[in-house]
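What follows is a single structure, written as structure tokens, with notes after it.
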Amino acid sequence: MAVKRIIRPDDQLGFLLVQTSLYKQRINNSMLTPMGLTYMQFVVLAGIYELSTQYEEVSQQLLVAERRLDKAMVSSLLKKLIERKLVVRRPNPADSRSWLLGLTPHGEKLAAEARIEAHKLNDEFFADVDQQALREMLKKLLDKKI
């Protein structure tokens, strides 16, 4: 009688990828909580900060596309960031269906500080990993069409 091999979670790449992502997100949240940010709020805030250095105007659509984010989630996060006076949103004069985003001075300061801490955390988290190889593999997976 053949023994049926049980597939353990640690043998499954998808499981490991999700667990690693959740673990990293928990670490990020513990670093960001004292700053009053969740990880996803940071992603949006840092996204606006970084994109505004590359583009004259940052639209909500650009942020969603460039950061591979969910449109509805970004809209919800922006409402909270606007309420906290970290982000400003104004209609796009070139497209009435579009919003332009910017950071308030406080939002810009917070984004800059959080980015510094996030870079330190990433350096420590990925210190023992071939970062270039991992980056290439992850990009390949993100570009996969199934």
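Counting all heavy atoms, side chain and backbone alike, Pro93 lies closest to Leu100 at CD-CD1, 4.0 Å. Counting all heavy atoms, side chain and backbone alike, Lys71 lies closest to Val64 at CA-CG2, 4.0 Å. Between Lys85 and Thr104 the shortest heavy-atom distance is O-OG1, 2.7 Å. Annotation for Ala46 and Arg67: closest pair O-NH2, 4.4 Å, computed over non-hydrogen atoms. Taking each heavy atom of Leu63 and Leu51 in turn, the nearest pair found is CA-CD1, 3.8 Å. Considering all non-hydrogen atoms of both residues, Leu121 and Lys24 come closest at CD2-NZ, 3.6 Å.
Residue Phe42 holds its CZ atom at 10.0 Å from CD of Glu117, rounded to the nearest 0.5 Å. Note that CG of Asn28 and CE of Met31 are 5.0 Å apart. Values are rounded to the nearest 0.5 Å. Annotation: the span from Asn29 atom CG to Leu22 atom CG amounts to 10.5 Å, rounded to 0.5 Å. Going from atom CG of Asn122 over to atom CZ of Arg115 covers 11.5 Å, rounded to the nearest 0.5 Å. Taking CG of Leu77 as the reference point, atom CD1 of Ile82 lies at 11.0 Å (rounded to 0.5 Å). Atoms CG and CG, from Leu62 and Leu101 in turn, are 9.0 Å apart once rounded to the nearest 0.5 Å.
Not one N or O on the side chain of Ser76 forms a donor-acceptor pair closer than 3.5 Å with the backbone of Met73. The closest donor-acceptor contact from the side chain of Ser21 to the backbone of Leu17 lies at 3.5 Å or more, if one exists at all. Between the side chain of Arg84 and the backbone N or O of Gly36, at least one donor-acceptor pair lies under 3.5 Å.
In terms of hydrophobic clustering, with Ile, Leu, Val, Met, Phe, Trp and Tyr side chains grouped at heavy-atom distances under 4.5 Å, Tyr23 and Phe15 are assigned to different clusters. Trp99 and Val87 fall into different hydrophobic clusters, where Ile, Leu, Val, Met, Phe, Trp and Tyr side chains are chained together by heavy-atom contacts under 4.5 Å. No path of Ile, Leu, Val, Met, Phe, Trp and Tyr side chains, each step under 4.5 Å between heavy atoms, connects Tyr39 with Val18, placing them in separate hydrophobic clusters.
Remark: Glu113 engages Lys109 in a salt bridge, criterion side-chain N to carboxylate O under 4.0 Å.
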Are Leu86 and Lys80 close enough, and set up right, to give a side chain to side chain contact (heavy atoms under 4.5 Å, CB included), and what steps lead you there?
CA-CA 9 Å; Leu86 299 172; Lys80 287 182 171 78; over 6 Å; no
Cut-off 3.5 Å, no hydrogens considered: what does the side-chain donor-acceptor table look like for residues 129-138, sequence neighbours left out?
{"unit_1": "Asp130", "atom_1": "OD1", "unit_2": "Gln132", "atom_2": "N", "d": "3.4"}
{"unit_1": "Asp130", "atom_1": "OD1", "unit_2": "Ala133", "atom_2": "N", "d": "3.2"}
{"unit_1": "Gln131", "atom_1": "NE2", "unit_2": "Phe126", "atom_2": "O", "d": "3.2"}
{"unit_1": "Gln132", "atom_1": "OE1", "unit_2": "Arg135", "atom_2": "NH1", "d": "2.9"}
{"unit_1": "Gln132", "atom_1": "NE2", "unit_2": "Glu136", "atom_2": "OE2", "d": "2.9"}

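The only option from Gln60, Gln61, Met40 that meets the side-chain contact (heavy atoms from CB on, under 4.5 Å) definition with Val74 turns out to be Gln60.
Using a 4.5 Å heavy-atom threshold, the side chains of Glu57 and Arg90 count as touching. Using a 4.5 Å cut-off on side-chain heavy atoms (C-beta onward), Leu103 and Val88 make no contact.
More than 12 heavy atoms of other residues, nucleotides or ligands lie within 6.0 Å of CG in Asp123, so this atom counts as buried by the packing criterion.
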